[in-house]
2 protein chains.
Amino acid sequence: MASEVRARMIDGAAQLLARQGLQATSFSEVLELTGAPRGSVYHHFPEGKDQMIGAAVDRAGEFLLAAVDPGEGATAEQVVERFLAVWRAVLTGSDCRSGCAVVAVTVATDSSALLNHAAEVFRSWRSRLGELLEAGGLSGEDAHRFATVLVAAVEGAVVLSRADESLEPFESVAADLQVQVRQLAGKG
Amino acid sequence: MASEVRARMIDGAAQLLARQGLQATSFSEVLELTGAPRGSVYHHFPEGKDQMIGAAVDRAGEFLLAAVDPGEGATAEQVVERFLAVWRAVLTGSDCRSGCAVVAVTVATDSSALLNHAAEVFRSWRSRLGELLEAGGLSGEDAHRFATVLVAAVEGAVVLSRADESLEPFESVAADLQVQVRQLAGKG
DNA sequence: GTCTATACGAAGATAGAC
DNA sequence: GTCTATCTTCGTATAGAC
């Protein structure tokens, strides 16, 4: 199926972005990683590289939304723990060499189309986490304010851990965020 | 003077990194931005591009340390405000198109030498902010834990604001960090 | 849908003159 | 210290066959 090769390329691009950044996410690398046929590049992405990168950013966004979605009745603390668990897994599963594909694109592109993809992903994360935190017991105001801090702090912590080649910065920030959400939940 | 051209190139590279990322920070771009003579590239950086980038990362690190250094007797709140002010200025002075050079390198390189430069810069920021926060009234434990969150959250917020082409994510995170430091200062 | 071949430009790096 | 010229490699993109 056509879309199967396309999907593999998008997933591969997202992985490469997270691990090596935008520059290293070339068609050659994606083809090598996925085993996709070279001839299908411009068949599946007639608008070229930015189209593939944009799709990879969207994919990374959807992946996190799916991973963070709890069953019924998650507390705010559990929502935070779930979000942290996703990123902890990214770091531990790669010896801290992998990070966030969306951040990698955001800091390395001039294309306003790609920036819009990234902005939309971040907005969707903040929005969904805000909803889940509110459903988990926080006030609407606290929930949406804290969701923004949560996304920013975790993204920053992932960068720090990649630089440090160590989980320590991430875990330090993670512990602090858990304390914060407990405080907010306790005051309600 | 030889080192004057070299210093201009390093400053220019740091600016380009912050604004356009590692890929776009080519020798050609640096020469165009700084007006440095093309012939001096491998005179000043015999080890090539990574040497220039590493120097630019170090430079960005030192710049922030200098900018955040207060006069005598700054409170913890003032230390936080000062750190935030530096990054707010970076964003407002560039229509949110500029971010952090160190982050840009961290997410875009495989070189462990460059990662070490970045890690050392982040470590120096956390360490110095921790000292200043402790001098500003926080307990030693609170100071160093909060310094890490501060760096991570602000770096993440700068990325979010670049993607969003808006100061809103940054200011939302900034407000939250100020509330946090006030709480920590109040409990002491 | 996939292939090969190739055009085109950019970037890093080197050589040798001045 | 700086210059021009050049080499090599690589990445994007296109053309046209199968």
Tell me whether the OP1 or OP2 atom of [N] has a side-chain N or O from [X] closer than 4.0 Å.
X	N	answer
B/H43	D/dG1	yes
B/S40	D/dT2	yes
A/H44	C/dT2	yes

Should the pair B/R19-A/D110 be classified as a salt bridge under the 4.0 Å nitrogen-to-oxygen rule?
no

Salt bridge present between A/R145 and B/D176 (N-O < 4.0 angstrom)
yes

Which listed nucleotide ([options]) is nearest to the side chain of [X]?
X	options	answer
A/F27	C/dA13, D/dT12, D/dG1	D/dT12
B/P37	D/dT2, C/dG12, C/dT2	D/dT2
A/S26	D/dT12, C/dG12, C/dC3	D/dT12

Separation of atom [atom1] in [X] from atom [atom2] in [N], rounded to whole Å:
X	N	atom1	atom2	value
A/R38	C/dT4	CZ	P	9 Å
A/Q51	D/dT12	CD	C1'	14 Å
B/Q23	C/dG9	CD	P	18 Å
B/E32	C/dA10	CD	P	12 Å
A/L22	D/dT12	CG	C1'	13 Å
A/L31	D/dC10	CG	C1'	14 Å
B/K49	D/dT8	NZ	P	22 Å

Heavy atoms only, 4.0 Å cut-off, all strands: where does B/Y42 land among base, sugar-phosphate and nothing?
base

Need to verify one output field. Residue with the more 5' nearest nucleotide on DNA chain D, A/A24 or A/P46?
A/A24

To check you understand the geometry: which heavy-atom pair defines the closest contact between B/V181 and B/A76, and what is its length?
CG2-CB, 3.9 Å

Do you know which two heavy atoms are closest between A/S161 and A/L91, and how far apart they sit?
CB-CD1, 4.0 Å

Going by atom types only, do B/Q178 and B/E77 share a side-chain donor-acceptor pair under 3.5 Å?
no

